[in-house]
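The basis for the numbers below is simple: all heavy atoms, side chains too, and nothing from hydrogens, waters or symmetry mates.
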Amino acid sequence: MDFELGEEQVMLKTSARDFLEKECPKQLVRAMMDDEKGYSPELWKKMADLGWMGLVFPEEYDGIGSTFLDLAVLLEEMGRALVPGPFVPTVVLAGLPIVAAGTEEQKKQFLPGIASGDTLMTLAFMEPGGSLEASGVTVEAKPSGKDFVINGTKLFVPDAHIANHMLCVTRTKDSANKEDGITLFLVDAASAGIQTEVLKTMTGEKLCEVVFNNVKVPGSNMLGKLNQGWPIMQRLMQEAAIAECAWTIGGARWVLETSVEYAKERIQFGVPIGSFQAIQHKCANMAVEVEGATSITYYAAWAVSENDPGLPLAASMAKAWCSDIYKHVAAEGIQIHGGIGFTWDHDMHLYFKRAKACEVAFGDGDYHREKVAQLLNI
């Protein structure tokens, strides 16, 4: 087995790190936490010009045609830099489902715009019940001639306040099997009847409450088939979880490297604190966790690229592991830095907060360990 990145992947990783170190310093990350939009249009345009938005889209829709594994390489560097903005919501949560299930007209309508950076999109899935299962989808879409009318409330919709379109998960039929009756719609965010409110978050990420009040959507905007949208969502949630893992290992590795460097330089009692066994053990455990997370994440990303039948298990194993280790590694990083790690002046707290957000995104460790148990038939 070859665990090394390919030559093109190494080039992507290196160029992405060089670009983000220059164009996305921590001053920008902090500024975007308080910014109304939550992202820099200038940085967004530069990323689009590099081809990042269309990295995994087919070439006939102005994409590059790379694999999900290549996307994971890029997301790791974005997680390392804490890039603010709607990259994952636009490319992963909306773009990939369109690639997988969209009609030719839908692909031509949306994918080139995403690739160019002109179209921002997001996924409206979660509801006040907080469930990630089909049973939690209660927002209704009822037929009205050739159109549908959507009513209900979605919560924690990322970047909905700046999105041009939302992929909305709705219920179009109520049945005993809750997975039957789920339908996806591509909704124009400027449609009459949509109310969006940005929620306050500890990381500065722009998560929104979106209320649909008699929102009319053309039937042609249905993604996939009527009442058969849940398989699309299942695949999407696996891809989203792995994308979050890639983001996670980038941030966790920054914490590890920064902490090790600090342990070598910080002098206490006349010697570097890295000479103390307690600090050595912390750093060693962090390194084991980060390397393990990296391996399991890249395996899961490979499973997506190869459409491997083991994808559901790989995705849940990766997310269960990464959800736990990022939070633990970030906490250990703060401990190693001591008092300065708790201050606003140091960047470590940015990663600690993001680790908590990443832990629960698309299911926390407990949720995915339950998925693993189900897949193992126990």
Note: Arg369-Asp324 ion pair, threshold 4.0 Å (strictly below): yes
Applying side chain to side chain contact (heavy atoms under 4.5 Å, CB included), name anything that partners Gln109, two or more places apart in sequence or on another chain. none
Taking NZ, NE, NH1 and NH2 as the nitrogens, is one of them in Glu359 or Lys356 under 4.0 Å from a carboxylate oxygen of the other? yes
Go through the structure and list residues passing side-chain hydrogen bond (donor to acceptor under 3.5 Å, both in side chains) with Lys46, not counting sequence neighbours. Glu23
Only counting residues at least two apart or in another chain, list the ones meeting side-chain hydrogen bond (donor to acceptor under 3.5 Å, both in side chains) with Lys173. Asp180
Mind checking what makes ring-ring contact (aromatic ring centres under 6.0 Å, His included) contact with Trp52, not counting sequence neighbours? Phe19
Could you walk me through whether Arg253 and Thr294 satisfy the side chain to side chain donor-acceptor pair (under 3.5 Å) test, starting with their C-alpha distance in whole Å, then the side-chain angles of each, then the deciding distance to 0.1 Å, before giving a yes or no? CA-CA 9 Å; Arg253 191 170 293 280; Thr294 301; 3.0 Å; yes
Closest non-hydrogen contact found for Met202 with Ala357 is CE-N, 4.1 Å
Might you point out which heavy atoms bring Met33 and Thr203 nearest each other, and give the distance in Å? CE-O, 3.4 Å
With sequence neighbours excluded, what pairs up with Lys225 under the side chain to side chain contact (heavy atoms under 4.5 Å, CB included) test? Gln228
Please identify each residue that fulfils side chain to side chain contact (heavy atoms under 4.5 Å, CB included) with Thr258, with sequence neighbours left out. Trp254, His337, Met348
Contacts of Asn307 that satisfy side-chain hydrogen bond (donor to acceptor under 3.5 Å, both in side chains) - sequence neighbours left out: Arg235
Set of residues satisfying salt bridge (Lys or Arg N to Asp or Glu O under 4.0 Å) with respect to Glu60, sequence neighbours excluded: none
Working note: Ser116 + Asp118, criterion side chain to side chain donor-acceptor pair (under 3.5 Å); need CA distance, chi angles, decisive distance, verdict. CA-CA 6 Å; Ser116 67; Asp118 295 329; 3.0 Å; yes
Taking only residues two or more places apart in sequence or in another chain, which ones pass side-chain hydrogen bond (donor to acceptor under 3.5 Å, both in side chains) with Arg30? Asp347
Residues in side chain to side chain contact (heavy atoms under 4.5 Å, CB included) contact with Ser66, at least two apart in sequence or another chain: Leu55, Ile64, Asp70
Counting heavy atoms not belonging to Glu104, are there more than 12 under 6.0 Å from its CD? yes
Working note: Glu42 + Ser40, criterion side chain to side chain donor-acceptor pair (under 3.5 Å); need CA distance, chi angles, decisive distance, verdict. CA-CA 5 Å; Glu42 294 78 15; Ser40 166; 3.1 Å; yes
Going through the distances and angles, do Thr172 and Asn227 end up as a side chain to side chain donor-acceptor pair (under 3.5 Å)? CA-CA 6 Å; Thr172 46; Asn227 299 323; 2.5 Å; yes
If the threshold is 4.0 Å, N to carboxylate O, is there a salt bridge linking Lys45 and Asp49? yes
Indicate the atoms forming the closest heavy-atom contact of Val169 with Glu127, along with that distance. O-OE2, 4.5 Å
For Ala314 against Ala300, the heavy-atom pair lying closest together: O-CB, 3.8 Å
Heavy-atom closest pair (Thr67 atom, Val56 atom, distance to 0.1 Å) is O-CG1, 3.3 Å
Partner residues of Phe352 under the ring-ring contact (aromatic ring centres under 6.0 Å, His included) criterion, sequence neighbours left out: none
Residue pairs passing the side chain to side chain donor-acceptor pair (under 3.5 Å) test with at least one member in residues 77-93, sequence neighbours excluded, are Lys13-Glu77, Arg17-Glu77, Arg80-Glu257
